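Taking it in order: structure first as structure tokens, then the write-up.
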Amino acid sequence: MEDFNTVDLSDIVEVRVYIEGIYQVDGTGMLTLGALYLEKETSVLDVTTAVVDERLVINISSPYAFRIRPKVRVVGGDYLEVVELDVNRCQATYVLAGEEDLTFELLVPGNPIHVVEWSR
């Protein structure tokens with residue numbers, strides 16, 4: 001674990017707070033954070049695309065197992081169905097309807113948002 005003094009705080013792109021416990025809808029309370037720790041991002045994604053029978057196939061792989069299945073969405077559009085091929089490999093497909101270029105966002109827990117730009 002690194003000391004706050006050795007980490008460039010401008011590199012932080014996301015802060016997550018997980019709260020576990022019993023709560024009620026519209027309930028109120030107070031949350032006190034006693035300690036915060038920084039964790040460096042270590043995961044790297046490998047993303048490839050291919051066109052097969054007018055379907056764009058997006059392959060996503062990671063050197064580490066995915067904690068939960070990644071999400072893929074067309075920027076300004078819908079989410080694609082993602083199938084798990086292995087603990088560290090997933091695939092999404094998009095039926096092309098004449099598009100010449102598309103931009104996708106990959107949301108993978110533990111990774112920054114990845115933007116994939118595709119063109120014919």
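All of these numbers come straight from a predicted model, not from anything done at the bench.
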query: salt bridge (charged side-chain N to carboxylate O under 4.0 Å, His left out): which pairs involve residues 46-57, sequence neighbours left out?
result: Glu54-Arg120

- prompt: Do Leu107 and Ile58 share a hydrophobic cluster (ILVMFWY, side-chain heavy atoms under 4.5 Å, transitive)?
  reply: no

field: Linked hydrophobic residues, Val52 as query - side chain contacts closer than 4.5 Å
entry: Val57

- request: Using side-chain hydrogen bond (donor to acceptor under 3.5 Å, both in side chains) as the criterion, list what pairs up with Glu117, not counting sequence neighbours.
  value: none

message: Side-chain heavy atoms nearer than 4.5 Å, only ILVMFWY residues, links allowed to pass through others: does that put Val115 and Leu56 together?
response: no

Please tabulate, for the side chains in residues 91-104, all donor-acceptor contacts under 3.5 angstrom to protein atoms that are two or more places apart in sequence or on a different chain.
residue : atom : partner : partner atom : Å
Gln91   : NE2  : Asn59   : OD1          : 2.6
Tyr94   : OH   : Glu99   : OE2          : 2.8
Glu99   : OE1  : Ala97   : N            : 2.6

task: With Val116 as reference, evaluate Leu106, Leu45, Ile60 under the side-chain contact (heavy atoms from CB on, under 4.5 Å) test and give the passing residue.
output: Leu106

Taking only distance into account, with no hydrogens and no angle test, what donor-acceptor pairs under 3.5 Å do side-chain atoms of residues 70-89 form with protein atoms, sequence neighbours excluded?
residue : atom : partner : partner atom : Å
Arg73   : NE   : Glu105  : OE1          : 3.1
Arg73   : NH2  : Glu105  : OE1          : 3.1
Asn88   : ND2  : Ser62   : O            : 2.8

